[in-house]
Trainee: 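Pasting in a structure now, in structure tokens, and then I'll have a few things to ask.
Note: hydrogens, waters and symmetry copies are ignored here, and every other heavy atom, side chains too, is used. Below, chain A is the first sequence line, B the second, and so on; all start at residue 1.
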Number of protein chains: 2
Amino acid sequence: MEETEKKEQGGRKTGMNGEQCQSLLKWLGETSLFAGMPDAHLQELCGIAMVVSYKRRALIFSAGDPGSGFYLVMEGRVKVYMISSDGKEQILHILGPGEPFGEAPVFAGRSFPAHAVALDDCRLVFLPREAFVELVTANPSLALNLLAVLSQRLRQFAKMVDSLSLKEVPGRLAAHLLYLSAKQADKDVLELDLSKTQLASLLGTIPETLSRILSKLQRAGYIRIAGAKVTIVDRERLEELAEVGRF
Amino acid sequence: MEETEKKEQGGRKTGMNGEQCQSLLKWLGETSLFAGMPDAHLQELCGIAMVVSYKRRALIFSAGDPGSGFYLVMEGRVKVYMISSDGKEQILHILGPGEPFGEAPVFAGRSFPAHAVALDDCRLVFLPREAFVELVTANPSLALNLLAVLSQRLRQFAKMVDSLSLKEVPGRLAAHLLYLSAKQADKDVLELDLSKTQLASLLGTIPETLSRILSKLQRAGYIRIAGAKVTIVDRERLEELAEVGRF
DNA sequence: GGTTATCTTTGACTTAAGTCAACCGGGACT
DNA sequence: AGTCCCGGTTGACTTAAGTCAAAGATAACC
């Protein structure tokens, strides 16, 4: 195994032999961002891509850092967040395998607007800006995929602003539980994929408040809580709550 | 003057003769979205574009409406906003001449996530989705411009989430005043371009609260208020306030 | 120009959610 | 096993900001 290792930003960049490049190529092609791209272009992409590893809790970038490219999650989860001057954090996204992050500075602004850390031990693909922009220029369908991703994210943000400004915490929580429910197999038994502290930060509140509201919802018979497992008892009312935003 | 008028969505679509098309073409070319595009493509664009007029307060689209295309502001201002079930509104953007809006459904989701109304009597350019997507496919540099616009907007949203979640109203207000200051000629005397009620909605609060905080800031010697004119007295402290987010 | 309607300000009150502090319980490590 | 530490929960308290109501100030309209 010929591996070149370089320390940089706390991540370990890993060089590739032909075989590894092949598997990376295959993986990239399955990614929603690059789905449907001709192999020739994927090949080029592989040429500029770097696989980087980050350990759990490692900082990937900070707000204000110059963004010389963006990332794609291969393994693990990444948290993108903002911090207030007194240390409170607001999570903007949690990203899992296949999802890109840090794209904004590639096309506008040149620096990251937020921070990113690894929530688990992670493997990421790093795509340097210049090479990537060239590729986009040469390949309009790639641009369309990207536009779709950014548009989707814009929608999420709009929802988030709506939620933060127009709903109380119980409403946001209800909406989040239903969101989890919608994307899981067992529709009624949810496994919280984040610690409650992190969930609080995602919902724009603090652990104490989240804790209180979870028990309030349990007492009211909307849900049942058992550690990180939440069971939806009364979906109707939960939907109503997510809708009106107030308990 | 040969004008074809059609009522639709409360807007008046206006057909064009050759001369009008020429001026539209020129205008489009000066827009940041289409800057640098070859005339041939602008010509095509003109072919699919429609100029639409909306009177002040007219609804342009509602959340959930199928988005068959997007808009570009020629004259006037447009407000894009969300409404809670009990009627409180949160403004997402205020758009002026040259700025596009309603692009999200073109590339993802197919329906508008928010509402839009005309704040003034407006003239807008409407670009239908299908024709536009074709054009983007044919013209990668157009895609890059679009990516820049969406990325920029993503940044704005991130800031907004940060602001709503991590700052108190005084902090948000201070940040907004400094933002206005940065984009005006006379750096210290600001003309509020929105009614205070609308400004409250943009800052994620209500008129009463905004009013109180404006006078609080005046009393504290940060600013001076005279109707819609706000003078920055102590920029240093205002910056500090915008930074820490709390008074 | 005067009447209406809308916007703005101010006051008294309520409330959701944050702060501070104590405590519990389960790993992890020695 | 025992200690330490971190995550979660609970209680008492504070506070920013929302609600309700009324009165002034602007701006709009006939």
Side-chain angles (χ1 to χ4, degrees), chain A residues 56-57 79 83-91 119 163-174 191-220 223-230 241 244-247, chain B residues 55-57 79 83-91 117 119-121 163-174 191-220 223-230 241 244-247:
Chain A
R56 180 175 155 82
R57 280 164 208 252
K79 163 174 92 174
I83 294 253
S84 74
S85 57
D86 60 333
K88 196 188 163 192
E89 95 172 15
Q90 167 70 50
I91 296 180
L119 278 186
S163 204
L164 282 172
S165 165
L166 269 22
K167 290 178 184 162
E168 299 177 351
V169 181
R172 289 178 233 161
L173 173 57
E191 197 67 34
L192 296 183
D193 41 350
L194 292 171
S195 78
K196 289 181 186 169
T197 301
Q198 291 295 291
L199 178 56
S201 164
L202 183 62
L203 297 179
T205 186
I206 55 172
E208 292 97 317
T209 300
L210 176 61
S211 179
R212 284 186 244 271
I213 286 170
L214 276 169
S215 26
K216 206 157 141 193
L217 288 185
Q218 175 163 246
R219 256 178 285 132
I223 58 176
R224 267 197 62 61
I225 314 163
K229 207 177 65 192
V230 175
L241 176 54
V244 305
R246 40 183 50 205
F247 193 57
Chain B
K55 289 225 200 73
R56 181 174 153 84
R57 276 162 210 253
K79 162 174 92 174
I83 294 252
S84 74
S85 56
D86 59 334
K88 195 188 163 193
E89 96 174 14
Q90 167 70 49
I91 296 180
V117 302
L119 278 186
D120 313 302
D121 290 348
S163 203
L164 283 171
S165 165
L166 269 22
K167 290 178 183 161
E168 299 178 350
V169 180
R172 290 178 232 160
L173 174 57
E191 196 67 35
L192 297 182
D193 41 351
L194 291 171
S195 79
K196 290 182 184 165
T197 301
Q198 292 294 291
L199 178 57
S201 165
L202 182 62
L203 297 180
T205 186
I206 56 173
E208 291 96 318
T209 299
L210 176 62
S211 179
R212 283 187 244 270
I213 287 171
L214 276 169
S215 24
K216 208 157 141 193
L217 288 185
Q218 174 163 246
R219 257 178 286 132
I223 59 177
R224 268 198 60 63
I225 313 162
K229 207 176 64 192
V230 175
L241 176 54
V244 305
R246 41 184 49 205
F247 193 58

Trainee: Considering only heavy atoms of chain B and a distance under 4.0 Å, specify the first and last nucleotide of DNA chain C in 5' to 3' order that meet this criterion.
Mentor: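 Result: C:dC7 to C:dA12.
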Trainee: CD1 of A:I225 versus C1' of D:dT9: gap in Å, rounded?
Mentor: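 Those two atoms, CD1 and C1', are 11 Å apart.
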Trainee: Please name all residues satisfying side-chain contact (heavy atoms from CB on, under 4.5 Å) with B:R212, sequence neighbours left out, ordered by chain then number.
Mentor: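 Testing B:R212 for side-chain contact (heavy atoms from CB on, under 4.5 Å), a comparison that skips the adjacent residues, returns B:E208.
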Trainee: Does any part of the side chain of A:R172, heavy atoms only, come nearer than 4.5 Å to the side chain of A:L164, both counted from C-beta?
Mentor: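 The answer is yes, as the side chains (C-beta and beyond) meet within the 4.5 Å cut-off.
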Trainee: Under the rule for side chain to side chain donor-acceptor pair (under 3.5 Å), what residues qualify as partners of B:D193, not counting sequence neighbours?
Mentor: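 Partners of B:D193 by the side chain to side chain donor-acceptor pair (under 3.5 Å) criterion come out as none, since no residue qualifies.
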Trainee: Please find the pair of heavy atoms, one from A:R246 and one from A:E168, that lie closest to each other, and give the distance.
Mentor: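 Residues A:R246 and A:E168, closest heavy atoms: NH2-OE2, 3.3 Å.
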Trainee: Under 3.5 Å, which donor-acceptor pairs link side chains of residues 196-207 of chain A to any protein atom two or more places apart or in another chain?
Mentor:
from, atom 1, to, atom 2, distance (Å)
A:K196, NZ, A:G227, O, 3.0
A:Q198, OE1, A:K79, NZ, 2.9
A:S201, OG, A:E89, O, 3.1
A:S201, OG, A:E89, OE2, 3.1
A:S201, OG, A:I91, N, 3.3

Trainee: Taking five pairs at each end of the helix from C:dG1-D:dC30 to C:dT30-D:dA1, what angle separates the two helix axes (nearest 10°)?
Mentor: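 Inter-axis angle at the termini of the helix from C:dG1-D:dC30 to C:dT30-D:dA1: 40°.
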Trainee: Who passes side chain to side chain donor-acceptor pair (under 3.5 Å) against A:T209, sequence neighbours left out?
Mentor: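 Checked A:T209 against side chain to side chain donor-acceptor pair (under 3.5 Å); zero matches.
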Trainee: Determine, for nucleotides 24-30 of chain D in 5'-to-3' order, which nucleotides have protein heavy atoms under 4.0 Å from the base (write B), from only the sugar-phosphate (write S), or from neither (write -).
Mentor: -------
Trainee: Not counting sequence neighbours, which residues clear salt bridge (charged side-chain N to carboxylate O under 4.0 Å, His left out) with B:R56? List them please.
Mentor: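 Once residues adjacent in sequence are excluded, B:R56 has no partner under the salt bridge (charged side-chain N to carboxylate O under 4.0 Å, His left out) criterion.
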Trainee: Looking at residues at least two apart in the chain, or sitting in another chain, which of them share a side-chain contact (heavy atoms from CB on, under 4.5 Å) with B:R57?
Mentor: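 None.
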Trainee: Please identify each residue that fulfils side chain to side chain donor-acceptor pair (under 3.5 Å) with B:S163, with sequence neighbours left out.
Mentor: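 Checked B:S163 against side chain to side chain donor-acceptor pair (under 3.5 Å); zero matches.
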Trainee: Restricting to salt bridge (charged side-chain N to carboxylate O under 4.0 Å, His left out), what partner residues turn up for B:D121, sequence neighbours left out?
Mentor: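 B:D121 satisfies salt bridge (charged side-chain N to carboxylate O under 4.0 Å, His left out) with no other residue.
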Trainee: Looking at DNA chain C, which of residues 204-219 of chain B put a heavy atom within less than 4.0 Å of it?
Mentor: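 Nucleic-acid contacts, sorted: B:E208, B:S211, B:R212, B:S215.
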Trainee: Any chance you could measure A:L214, atom CG, to A:R219, atom CZ, to the nearest 0.5 Å?
Mentor: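 So the CG of A:L214 and the CZ of A:R219 are separated by 11.0 Å.
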